[in-house]
Amino acid sequence: QVQLVESGGGLVQPGGSLRLSCAASGSIYSINYMGWYRQAPGKQRELVATITSGGSRNYLHSVKGRFTISRDNAKNTVYLQMNGLRPEDTAVYYCNADLRTAAWAPITVTWGQGTQVTVSS
């Protein structure tokens, strides 16, 4: 059984910074993809950033240049460094991973419980 645990959320002022962490634990054979999604009140969940095992990154257009996703494969951990935060970044941020628990197992999508990020003066 694999679990993802997010941390690092909180309340920050506009222009501030925050770093989110997500650690995967349990029986993991491989992780193909890790990413961050967010869901703001009254809005659809949206993809914020992704990173593959090879280090290929993709970002939501509105966060390019402000957010950086990184990954420590040895620790099965993904990070999201958020700089220049704006009120519209306020949302619950969810960690996601596509992984295999064994070489013969299919890819399983796993989600964390989410961490609240609030950007307000």
A.B. asks: Got a list of side-chain donor-acceptor pairs under 3.5 Å for residues 83-92, not counting sequence neighbours?
C.D. replies:
{"from": "Asn83", "atom 1": "OD1", "to": "Ser17", "atom 2": "OG", "distance (Å)": "2.9"}
{"from": "Asn83", "atom 1": "OD1", "to": "Gln81", "atom 2": "NE2", "distance (Å)": "3.0"}
{"from": "Asp89", "atom 1": "OD1", "to": "Arg38", "atom 2": "NH1", "distance (Å)": "3.0"}
{"from": "Asp89", "atom 1": "OD1", "to": "Arg66", "atom 2": "NH2", "distance (Å)": "3.2"}
{"from": "Asp89", "atom 1": "OD2", "to": "Arg66", "atom 2": "NH1", "distance (Å)": "2.8"}
{"from": "Asp89", "atom 1": "OD2", "to": "Arg86", "atom 2": "N", "distance (Å)": "2.8"}
{"from": "Thr90", "atom 1": "OG1", "to": "Pro87", "atom 2": "O", "distance (Å)": "2.9"}
{"from": "Thr90", "atom 1": "OG1", "to": "Val119", "atom 2": "N", "distance (Å)": "2.9"}
{"from": "Thr90", "atom 1": "OG1", "to": "Val119", "atom 2": "O", "distance (Å)": "3.4"}

A.B. asks: Without swapping roles, check the side chain of Thr77 against the backbone of Ala23 for a donor-acceptor pair under 3.5 Å.
C.D. replies: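 Pair absent, no side-chain N/O of Thr77 close to backbone of Ala23.
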A.B. asks: side-chain contact (heavy atoms from CB on, under 4.5 Å) for Thr68 and Leu80? Distances and angles first, verdict last.
C.D. replies: CA-CA 6 Å; Thr68 302; Leu80 186 67; over 6 Å; no
A.B. asks: Do you know which two heavy atoms are closest between Cys95 and Val78, and how far apart they sit?
C.D. replies: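 Answer, listing the atom of Cys95 first, then Val78: SG-CG1, 3.8 Å.
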A.B. asks: Which pairs pass ring-ring contact (aromatic ring centres under 6.0 Å, His included) with one or both residues in residues 71-121, sequence neighbours excluded?
C.D. replies: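 Qualifying pairs, neighbours excluded: Tyr37-Trp111.
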A.B. asks: Quick one: CG on Asn96 to CD on Glu6, what's the gap to the nearest 0.5 Å?
C.D. replies: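 One finds 10.0 Å between CG of Asn96 and CD of Glu6.
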A.B. asks: If you round to the nearest 0.5 Å, how far is OG of Ser7 from CZ of Arg19?
C.D. replies: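 It comes to 8.5 Å.
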A.B. asks: Do Leu4 and Leu20 sit in the same hydrophobic cluster, where Ile, Leu, Val, Met, Phe, Trp and Tyr count as joined when their side-chain heavy atoms come under 4.5 Å apart?
C.D. replies: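 No, separate clusters.
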A.B. asks: Please tell me if the side chains of Glu46 and Leu60 come closer than 4.5 Å, counting only heavy atoms from C-beta onward.
C.D. replies: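 The answer is yes, as the side chains (C-beta and beyond) meet within the 4.5 Å cut-off.
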A.B. asks: Any side-chain heavy atom of Val5 within less than 4.5 Å of one from Cys22?
C.D. replies: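 A side-chain contact under 4.5 Å is absent here.
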A.B. asks: For Ser62, check side-chain hydrogen bond (donor to acceptor under 3.5 Å, both in side chains) against everything at least two apart and list the hits.
C.D. replies: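 With neighbours one apart ignored, the set is empty.
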A.B. asks: Please tabulate, for side-chain N and O atoms in residues 50-58, each donor-acceptor pair with protein atoms closer than 3.5 Å (sequence neighbours left out).
C.D. replies:
{"from": "Thr52", "atom 1": "OG1", "to": "Gly54", "atom 2": "N", "distance (Å)": "3.3"}
{"from": "Thr52", "atom 1": "OG1", "to": "Gly55", "atom 2": "N", "distance (Å)": "3.4"}
{"from": "Thr52", "atom 1": "OG1", "to": "Ser56", "atom 2": "N", "distance (Å)": "3.2"}
{"from": "Arg57", "atom 1": "NE", "to": "Ile69", "atom 2": "O", "distance (Å)": "2.8"}
{"from": "Arg57", "atom 1": "NH1", "to": "Gly55", "atom 2": "O", "distance (Å)": "3.1"}

A.B. asks: Can you list every pair that meets ring-ring contact (aromatic ring centres under 6.0 Å, His included) and has a residue in residues 48-73, with sequence neighbours left out?
C.D. replies: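 Counting only pairs at least two positions apart or across chains, no ring-ring contact (aromatic ring centres under 6.0 Å, His included) contact touches residues 48-73.
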A.B. asks: Please answer whether the main-chain N or O of Ser121 pairs with a side-chain N or O of Gln13 as donor and acceptor at a distance below 3.5 Å.
C.D. replies: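 Not at all, since once roles are kept as given, no pair shorter than 3.5 Å links the two residues.
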A.B. asks: Please determine whether the number of non-hydrogen atoms from other residues, nucleotides or ligands lying under 6.0 Å from atom CD of Gln113 exceeds 12.
C.D. replies: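 At most 12 heavy atoms, drawn from other residues, nucleotides or ligands, come within 6.0 Å of this atom.
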A.B. asks: For a 4.5 angstrom cut-off between non-hydrogen side-chain atoms, does Thr110 reach Gln3?
C.D. replies: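 No - every pair of side-chain heavy atoms lies 4.5 Å or more apart.
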A.B. asks: For Leu11, check side-chain contact (heavy atoms from CB on, under 4.5 Å) against everything at least two apart and list the hits.
C.D. replies: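 Leu11 satisfies side-chain contact (heavy atoms from CB on, under 4.5 Å) with Thr118, Ser120 once adjacent residues are dropped.
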A.B. asks: Working to the nearest 0.5 angstrom, can you tell me the gap between Tyr33 OH and Ile107 CD1?
C.D. replies: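 If I round to the nearest 0.5 Å, the distance is 12.0 Å.
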A.B. asks: Identify the heavy atoms of Ala97 and Met34 that sit nearest to each other, and give their distance.
C.D. replies: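 Taking every non-hydrogen atom into account, CB-CG, 4.1 Å.
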A.B. asks: Check for me, please, whether Trp36 and Val109 land in the same ILVMFWY cluster - side-chain distances under 4.5 Å, paths through other members count.
C.D. replies: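 No; Val109 is not reachable from Trp36 via cluster members.
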A.B. asks: Would a 4.5 Å heavy-atom cut-off, applied to side chains only, mark Leu99 and Val2 as touching?
C.D. replies: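 Contact flag for Leu99/Val2 side chains = yes.
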